K.L.:
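There's a structure below that I have some questions on.
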Amino acid sequence: MSEFNIKVTNICFSYPDGYEAIKDLSFDIRHGESVGIIGANGAGKSTLLMILMGLMFPICGEITIDGVLITKNTLPKIRQSLGMVFQNPDDQLFLSTVYEDVAFGPRNYKLDEEEVCNRVCDALEMVGISHLKERASFKLSDGEKRLAAIASVLSMQPEALIMDEPTSTLDPKARRRIIQLLNSLHHTKIITSHDLDMILDTCERVIVIKEGRIAADGKTKDLLSDETLLDHCGLEMPLSFQKRRST
Amino acid sequence: MSEFNIKVTNICFSYPDGYEAIKDLSFDIRHGESVGIIGANGAGKSTLLMILMGLMFPICGEITIDGVLITKNTLPKIRQSLGMVFQNPDDQLFLSTVYEDVAFGPRNYKLDEEEVCNRVCDALEMVGISHLKERASFKLSDGEKRLAAIASVLSMQPEALIMDEPTSTLDPKARRRIIQLLNSLHHTKIITSHDLDMILDTCERVIVIKEGRIAADGKTKDLLSDETLLDHCGLEMPLSFQKRRST
Amino acid sequence: MHMADALISPIVGGTMLAASTGVAAYSIKKVQKDLDEKKVPFMGVMGAFVFSAQMINFSIPATGSSGHLGGGMLLAIMLGPYAGFLTMASILLIQALFFGDGGLLAYGCNVWNLGVYTCFLAYPLFLWVTKKGFNSKRIFWGAMVSSLIALQLGAFSVVLETLFSGKTELPFGVFVLLMQPIHLAIGVVEGIVTAVIATFVWKARPEVLEQTANGEPIGSLSIKRILVVILVAAVLIGGSLSWFASENPDGLEWSMEKTAGSTELETEDEIHQALSRIQDKIAILPDYGFSSTNEGDTKPEGVLSNERIGTSISGIVGGFLTLILAIFIGFLIRFFKKKRRVSLKK
Amino acid sequence: MSKINNSLYNIRLLDDLAQKESVVHKLHPLIKLLTTLVYLIVVVSFEKYDISALLPLIFYPVLLFSISELPVIPILKRVLFAMPFIIGIGIWNPLFDTQIIIVAGIHIARGWLAFFSLVLKCIFTVTASILLIASTGMGPLSHALRMLKVPKIFILQLTLTYRYLSVLMEEVSKMMRAHSLRAPQQKGIHPAIWGCFCGQLILRTFDRAKRVYDAMSLRGFHGEYPAGNLVKPKVSDFVYFISWSVFFILIRIYNLSDLMGDLFIEVIK
Ligand SMILES: Nc1ncnc2c1ncn2[C@@H]1O[C@H](COP(=O)(O)OP(=O)(O)OP(=O)(O)O)[C@@H](O)[C@H]1O
Ligand SMILES: Nc1ncnc2c1ncn2[C@@H]1O[C@H](COP(=O)(O)OP(=O)(O)OP(=O)(O)O)[C@@H](O)[C@H]1O
Ligand SMILES: [Mg+2]
Ligand SMILES: [Mg+2]
């Protein structure tokens with residue numbers, strides 16, 4: 001694996017209707033770092049992730065990945081090294097069975113079928129849903145769908161993982177499993193979530209976004225225990241930091 | 001408001017493809033109680049709620065609400081007293097504006113327009129989104145959509161509220177607001193969630209479901225601090241009960 | 001192949017609107033009568049599906065082009081003729097309003113061209129092909145044949161409606177030669193796509209297709225009735241359109257004569273010959289035309305009145321003045337509104 | 001992909017615009033619909049070669065634009081998207097209608113006049129339709145349809161189609177996005193999985209239809225929906241309708257361009 005740095009310089013972005021979702025963001029992510037991106041509903045987290053993936057282009061500013069500027073021409077190559085899990089797993093699973101869905105990525109890279117099969121089985125194993133291999137993806141429960149979506153990205157063996165709320169709708173056990181999985185992977189990771197406890201468990205560093213701007217960027221432990229900062233950004237301390245209130 | 005008891009006796013249910021999602025469940029819910037239904041992904045929680053609402057019929061066993069057995073004939077009357085918030089608010093908001101959506105229920109009961117208007121305004125007021133009255137429902141943010149869906153149920157003035165994961169995808173602040181709303185209502189409430197801290201804050205009683213069967217039924221505080229039980233059912237203690245592990 | 005407002009005359013638009021409204025009223029009656037209310041949301045969401053599926057392009061191998069779904073046949077297959085027709089009608093309304101595809105005046109034409117043929121003429125064909133029960137082969141041929149026929153009829157209607165409206169000089173033969181083969185190709189794509197989706201649905205949810213095919217009372221008797229309805233409509237439309245077609249050019253000439261002051265009455269053909277002769281002359285003697293520029297009112301004899309067709313000097317000058325005036329007034333209003341807003345803020 | 005995003009954007013845009021609060025937006029939807037219809041009929045009723053007589057009808061869109069404060073450029077862009085078919089058919093006019101006439105001293109085929117008149121009509125009609133929806137919105141427009149006695153079942157179905165349009169299109173666009181991420185080198189969707197792709201979408205559509213129906217029936221829906229009271233138009237609404245109609249008809253009868261041109265030439269002389 002090569003050095004893999006993401007450098008975002010002064011990007012801003014407006015939706016076609018003129019809504020300014022991202023305003024002058026800059027940060028650097030070094031190879032192997034895992035970074036949590038948090039903020040209130042509508043802060044611009046998903047928008048930021050889409051821009052990182054080159055699904056939308058910033059209006060000003062630039063993004064380089066591994067020194068390569070993201071442009072229309074460099075995209076196909078860059079995307080090969082990035083894997084993204086969407087907020088809604090239904091958007092990510094479009095084939096009939098779980099196996100087909102997870103095999104879709106590797107097959108597109110023209111790997112031979114044996115290699116594809118290996119990768120698929122590994123990925124399913126990793127998220128712990130090998131038993132669902134032949135099930136139809138649309139009949140799964142919500143949580144199972146999410147796990148399948150994560151597997152479909154892992155099978156592509158990307159160098160960086162970008163995940164939009166990977167643990168919402170998961171039951172506590174599955175959530176814990178994903179946390180452990182994330183901690184066992186040495187990829188560069190960028191994760192958004194409203195589950196600040198999960199962020200606390202998986203990310204060393206946190207970027208807090210408020211209305212399209214960076215409100216804070218620093219060590220997870222420091223930021224997530226700063227009650228005034230969090231409150232100011234429409235957030236709350238992780239539940240495990242909070243004392244039980246009387247019910 | 002009359003006495004309003006829900007009595008579920010030995011129900012079981014299979015999906016058309018033969019999958020047995022509910023196996024011999026029985027429980028009673030008394031008027032004014034608030035009950036959390038928890039369990040791992042795929043345990044059968046959503047299926048149970050749908051059966052309670054009469055959207056699907058159990059294969060064996062029976063459900064009586066207020067002494068009336070749920071059948072095709074009694075359904076219209078029974079539904080008038082039950083309000084359900086779906087897992088996905090997009091399924092629940094199907095008209096053009098928030099106002100129209102919230103007015104849909106009352107209008108179907110042939111109330112006159114003035115009464116409809118009063119109820120709509122009250123419901124919007126209660127969840128705190130009066131300002132969104134004339135907005136198009138599909139352009140709201142996720143959180144606002146969920147609040148509108150709740151209002152659309154409140155406007156029917158049901159005697160019981162049934163909610164499927166009301167706080168997923170909400171940011172911590174919005175989640176707190178919903179919890180407060182739920183605590184201020186004195187309806188009979190049945191709530192499913194993977195957010196056990198939320199259940200802890202809103203429900204006195206909890207029913208734990210495992211693979212379509214009841215694994216435990218009792219006081220929330222007792223069950224949610226029983227680590228072996230929870231672990232056995234694919235769950236974990238609420239985060240606020242857990243000590244911070246070293247990262 | 002949506003008809004546009006600009007291409008039709010009010011009479012053609014009105015007649016077609018009346019005809020389509022008739023079919024729609026009948027469909028609504030049918031739908032309301034033997035419909036479980038479940039179908040209403042199903043219709044709505046299916047309409048949205050067809051709308052969005054039209055946006056999914058797929059590459060057609062070896063041609064470098066791409067195709068997508070049209071949708072009329074699919075709606076009929078999934079929902080049955082009456083509900084399918086109504087759904088198509090609402091899709092077309094949304095397209096007319098939001099996308100300028102078709103238009104409000106041409107709405108009747110479009111509903112007729114894209115809805116009536118698919119749901120009431122081609123769909124019975126599909127049913128007939130698959131009457132011995134569904135399998136992939138029958139679904140394929142049923143979808144293919146019915147899509148081809150529906151599209152050919154639709155395209156032909158576009159030709160007729162345009163010609164009857166008298167907005168284009170395209171001769172009937174050329175127009176037909178342009179439209180039909182293109183729509184043959186489109187029909188093949190439509191047929192394949194419809195078949196693929198219908199087969200998929202049949203495999204995953206057989207009950208959807210089967211209920212629709214059995215539940216809809218398009219028995220032999222109803223087919224006859226529908227054919228009679230269509231026939232009557234066709235005669236009515238044909239009659240009124242041909243009346244209009246024969247009347248309209250005369251009306252046009254009449255008004256031309258009136259304004260041009262010429263009393264000669266010529267048949268269309270004679271005019272045409274005369275005109276082409278003059279045209280030759282003009283080509284040889286280019287100076288000929290300049291006479292009209294000397295004086296706003298003088299016009300070369302024998303040539304159609306420039307005044308009437310709005311090309312006299314005053315027409316041109318006035319046209320420009322109108323444009324400038326309109327835009328000026330527009331800006332003026334905006335300007336004052338802005339000013340007022342600013343002063344209000346203060 | 002870009003097409004679907006474009007359509008989504010278009011719907012969103014028109015929807016946003018309909019939320020504005022100008023004088024035009026406050027008019028009764030039925031009145032606006034009828035005015036638009038009269039306008040369309042008048043535009044289309046002009047003869048094939050009329051250009052100058054047609055031109056004064058530009059006052060309607062221009063005045064609407066400025067009074068309603070709708071943005072001109074995005075709406076005109078939409079209008080351009082509707083042009084290709086018209087141009088495709090209209091362009092044959094100069095080829096077949098080669099009768100030469102003289103316009104301001106220039107010899108051109110009469111067909112060009114027909115062509116330009118057709119293009120002008122197209123611009124006028126499409127602009128008027130889009131202005132209608134941009135100043136009214138789908139909700140009020142269904143209100144107008146109800147007043148025209150369009151059956152409720154059709155309107156409910158229209159509303160649902162419209163509502164789920166953006167939901168499904170968004171779903172499609174996200175699916176295509178996911179596809180493009182895992183098949184970065186490929187343009188478009190391979191025909192081999194296209195069927196599966198659409199099929200998946202349609203199955204989801206079925207499920208969604210069922211859930212929507214469930215949600216409706218839980219709130220007492222039984223096939224008939226009483227959609228609330230109808231609001232009657234006010235006197236000012238009628239005044240709006242009548243003054244525009246009179247204006248349109250006057251323009252239809254008198255060639256305003258000619259009159260103005262004559263006047264102008266007189267003055268110059
Ligand atoms: N297609 C769009 N057009 C216009 N505005 C949009 C669009 N998509 C999102 N927005 C707006 O951009 C802002 C940021 O949206 P984004 O989805 O990035 O939020 P988020 O931080 O991911 O929120 P959440 O926590 O709810 O997922 C929101 O205010 C939203 O209303
Ligand atoms: N339409 C269906 N056909 C067949 N099986 C189904 C269907 N819907 C759900 N199931 C199965 O029934 C079981 C229970 O599903 P249900 O949706 O009730 O789970 P849940 O407890 O709500 O899970 P989650 O926490 O993920 O929402 C799951 O194992 C699921 O795979
Ligand atoms: Mg997001
Ligand atoms: Mg569930």
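Convention: sequence-line order gives letters A, B, ...; per-chain numbering from 1. These figures come from a predicted structure and were not determined experimentally.
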K.L.:
Answer yes or no: are there more than 12 heavy-atom neighbours, outside A:Glu227 itself, under 6.0 Å from its atom CD?
P.N.:
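Not buried by this count: 12 neighbours or fewer within 6.0 Å.
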K.L.:
Answer with side chain, backbone, both or neither: which region of B:Gln87 has an atom nearer than 4.5 Å to a non-hydrogen atom of chain A?
P.N.:
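Contact with chain A: side chain only.
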K.L.:
Need one label for A:Ala40: side chain, backbone, both or neither, based on atoms under 4.5 Å from any heavy atom in chain B.
P.N.:
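Contact with chain B involves both backbone and side-chain atoms of A:Ala40.
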K.L.:
Mark yes or no for whether A:Asn41, through its side chain, and B:Asp171, through its backbone, hold a donor-acceptor pair below 3.5 Å.
P.N.:
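Indeed, once roles are kept as given, a pair shorter than 3.5 Å links the two residues.
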K.L.:
I'd like to know if A:Arg176 pairs up with B:Glu236 as an ion pair, taking the criterion as any Lys NZ or Arg NE/NH1/NH2 lying under 4.0 Å from an Asp or Glu carboxylate oxygen.
P.N.:
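Salt bridge between A:Arg176 and B:Glu236, a charged N being under 4.0 Å from a carboxylate O: yes.
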K.L.:
Is chain A contacted by the side chain of B:Asp231, its backbone, both, or neither, given a heavy-atom distance below 4.5 Å?
P.N.:
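Contact with chain A involves both backbone and side-chain atoms of B:Asp231.
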K.L.:
Locate the shortest heavy-atom distance separating B:Pro172 from A:Gly234; write the atom from each residue and the value.
P.N.:
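Scanning both residues completely, I find the closest heavy atoms to be CD-O, 4.4 Å.
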K.L.:
Please flag which part of A:Leu170 lies under 4.5 Å from any non-hydrogen atom of chain B: side chain, backbone, both or neither.
P.N.:
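Both parts, backbone and side chain.
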K.L.:
Return the minimal non-hydrogen interatomic distance between A:Thr169 and B:Glu165, and the atom names on each side.
P.N.:
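Distance-wise, the nearest heavy atoms are CA-OE1, 4.3 Å.
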K.L.:
Does A:Glu125 have more than 12 heavy atoms from other residues, nucleotides or ligands lying within 6.0 Å of its CD?
P.N.:
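Counting neighbours around CD of A:Glu125, 12 or fewer heavy atoms of other residues, nucleotides or ligands fall under 6.0 Å, so no.
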K.L.:
Say you draw a straight line from CG of A:Asp195 to CG of B:Asp195; how long is it, rounded to the nearest 0.5 Å?
P.N.:
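Here the interatomic distance stands at 8.5 Å.
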K.L.:
Contact part of B:Leu196 toward chain A, heavy-atom cut-off under 4.5 Å: side chain, backbone, both or neither?
P.N.:
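For B:Leu196, the contact with chain A is made by the side chain alone.
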K.L.:
Once rounded to the nearest 0.5 Å, what's the spacing between atom CG of B:Leu230 and atom NZ of A:Lys173?
P.N.:
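Rounded to the nearest 0.5 Å, the CG-NZ separation comes out at 9.0 Å.
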